[in-house]
Amino acid sequence: MLFSFPTGKQKIGLIILNQPLDQRFFHVLWNKAVIRACADGGANQLYQFTDGQKECFLPDYISGDFDSITPEVKTFYSQKNCRLIETADQDMTDFTKCLDLMVKELDRTRLKVDTIVVLGGLLGRFDQIMATVETLFHAQKLTATPVVVIQGSSLAVLLREGRQVQMGVNTGLEGDWCALVPVGSPCITTTSGLKWNLDQDVLEFGKLVSTSNTYEEHDPQQGRNPVRVFTDRPLLWSMGIKEQ
Ligand SMILES: Cc1ncc(C[n+]2csc(CCOP(=O)(O)OP(=O)(O)O)c2C)c(N)n1
Ligand SMILES: O=c1ccn([C@@H]2O[C@H](COP(=O)(O)O)[C@@H](O)[C@H]2O)c(=O)[nH]1
């Protein structure tokens, strides 16, 4: 798996959750997206954020149990022929269901994306933040495509087990912290490219969790080396995004 912040010619799928949108990345990510979706109240966020030019920013579909989308927003997007897909299941979050639909839609249309980018999910309600992380576990079963969550000054992605993952950390957008968090189970982990590397060390809550890590020192002319991580179980990678 090769992963870097979605820049350059990457094509993405974009999911907007019910959290305030961020001026820094919205337009660039919207333009890279070949499919765009809102999870329930994510549509309210899009509607509000694009005020004055809403017609230029129509999602392909809005899904969810529709307990958050307002009647005004629902009416607006349905009149603009955006698909409204009701997913009433109360055992899964609107994010998980929206992602499941996106994977199916990508399969159906044979559209290819490099990454599915999710805006929101890392701030606001703590239970929702935990649910975001849990959705990343579903994502690994649903698709081979990396699912990257971005909100505020953080990015999160769940690294797959059993293979070396290489991350480009030289796009200029990376902040100065990064972390490896063993969310689902203990992880035997080996890394390179970090200031505090691991060598077959066990990351485990109550034992060792790699927060407040950073990148190894580098020659500014040459840029940072990629970060390489090998883990025997799914492991959450999180990194800072520069405040601009
Ligand atoms: C054991 C268990 N705990 C809690 C729930 C309740 N539950 C889990 S996911 C879900 C849907 C959440 O919807 P979402 O739109 O993602 O979040 P909301 O803003 O409505 O809280 C619900 C109600 C459940 N079904 N099972
Ligand atoms: O505080 C929050 C609230 C919501 N989310 C995410 O958005 C979707 C949709 O939420 P609704 O409240 O149903 O509109 C939800 O599944 C969460 O993934 C969030 O991240 N933080």
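Order of appearance sets the numbers: ligands from 1, and atoms from 1 within every ligand.
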(request) For Gln19, counting its heavy atoms only, list the atoms of ligand 2 lying under 4.0 Å from any of them. (result) 1 (O), 2 (C), 19 (C), 20 (O), 21 (N)
(message) If I take atom OG1 from residue Thr189 and atom CD from residue Glu204, how far apart are they, to the nearest 0.5 angstrom?
(response) 11.0 Å
(request) Go through the side-chain N and O atoms of Ser63 and Glu86 and say whether any donor and acceptor fall under 3.5 Å apart. (result) no
(message) Any nitrogen or oxygen of Phe95, side chain or backbone, less than 3.5 Å from one on ligand 2?
(response) yes
(message) Side chains of Thr135 and Thr132 only: does a donor on one sit below 3.5 Å from an acceptor on the other?
(response) no
(request) Enumerate the atoms of ligand 2 whose separation from the nearest heavy atom of Thr93 is less than 4.0 angstrom. (result) 16 (O)
(request) Would you check if Leu180 and Trp237 make a side-chain contact, meaning some heavy-atom pair closer than 4.5 Å? (result) yes
(request) Could you grab the distance from atom CD1 of Ile150 to atom CG of Leu173, nearest 0.5 Å is fine? (result) 9.0 Å
(message) Give me the nearest non-hydrogen protein atom to atom 20 (O) of ligand 2 as residue plus atom name, then the distance to 0.1 Å.
(response) Gly121 CA, 3.1 Å
(message) Heavy atoms only: which of Asp94, Thr135, Asp127, Thr96 lies closest to atom 13 (O) of ligand 2?
(response) Asp94
In a simple table, one pair per line, please give the protein and ligand 1 atom names for every N or O pair closer than 3.5 Å, along with the distance.
unit_1	atom_1	unit_2	atom_2	d
ligand 1	7 (N)	Gln90	O	3.0
ligand 1	15 (O)	Asp94	OD2	2.6
ligand 1	16 (O)	Asp94	N	2.9
ligand 1	17 (O)	Gln128	NE2	3.0
ligand 1	19 (O)	Gln128	NE2	3.2
ligand 1	20 (O)	Asp67	OD2	3.3
ligand 1	21 (O)	Arg125	NH1	3.3
ligand 1	21 (O)	Arg125	NH2	3.2
ligand 1	25 (N)	Gln90	O	2.7
ligand 1	25 (N)	Asp91	OD1	2.7

(message) Is it true that, when you exclude Ile188 itself, more than 12 heavy atoms of the residues, nucleotides or ligands shown sit nearer than 6.0 Å to its CD1?
(response) no
(request) Please collect all ring pair (Phe, Tyr, Trp, His ring centres under 6.0 Å) contacts where either partner lies in residues 29-64, sequence neighbours excluded, each pair once. (result) Phe26-Trp30, Phe26-Phe49, Phe26-Phe57, His27-Phe57, Trp30-Phe57, Tyr47-Phe76
(message) Using a 4.0 Å cutoff against the non-hydrogen atoms of Leu17, which atoms of ligand 2 qualify?
(response) 6 (C), 7 (O), 18 (O)
(message) Quick test: of every protein heavy atom, which one is nearest to atom 17 (C) of ligand 2, and how far off is it to 0.1 Å?
(response) Gln128 OE1, 3.5 Å
(message) For atom 8 (C) of ligand 2, which of the options Asn18, Ile15, Ile129 provides the nearest non-hydrogen atom?
(response) Asn18
(message) Does any N or O of ligand 2 fall below 3.5 Å from an N or O anywhere on Ser68, backbone included?
(response) yes
(request) Report the part of Arg125 in contact with ligand 2, treating N, CA, C, O as backbone and CB onward as side chain, heavy atoms under 4.0 Å; options are side chain, backbone, both, neither. (result) both
(request) Could you tell me whether Asp100 and Lys97 make a salt bridge, using a distance below 4.0 angstrom between a side-chain N and a carboxylate O? (result) no
(request) Indicate whether any N or O donor in one side chain lies under 3.5 Å from an N or O acceptor in the other, for Thr191 and Asn197. (result) yes
(message) Under 4.0 Å between a side-chain nitrogen and a carboxylate oxygen: does that hold for Glu216 and Lys195?
(response) no
(message) Would Gly41 count as being in polar contact with ligand 2, using the rule that some N or O on each side must be under 3.5 angstrom apart?
(response) yes
(request) With heavy atoms only and a cut-off of under 4.0 Å, state how Asp67 meets ligand 2: side chain, backbone, both or neither. (result) side chain
(request) Could you tell me whether ligand 2 has any atom less than 4.0 Å away from a heavy atom of Ala39? (result) yes
(message) For the 3.5 Å polar cut-off, considering only N or O atoms, please tell me whether Asp65 and ligand 2 meet it.
(response) no
(request) Answer yes when Glu105 and Arg110 have at least one side-chain N-carboxylate O distance shorter than 4.0 Å, and no when they do not. (result) no
(message) Let me confirm one number: the CZ-OG distance from Arg233 to Ser185, rounded to the nearest 0.5 Å.
(response) 4.5 Å
(message) For Met239 and Glu174: C-alpha separation, side-chain torsions, deciding distance, then whether side chain to side chain contact (heavy atoms under 4.5 Å, CB included) applies.
(response) CA-CA 7 Å; Met239 62 197 253; Glu174 296 79 13; 3.2 Å; yes
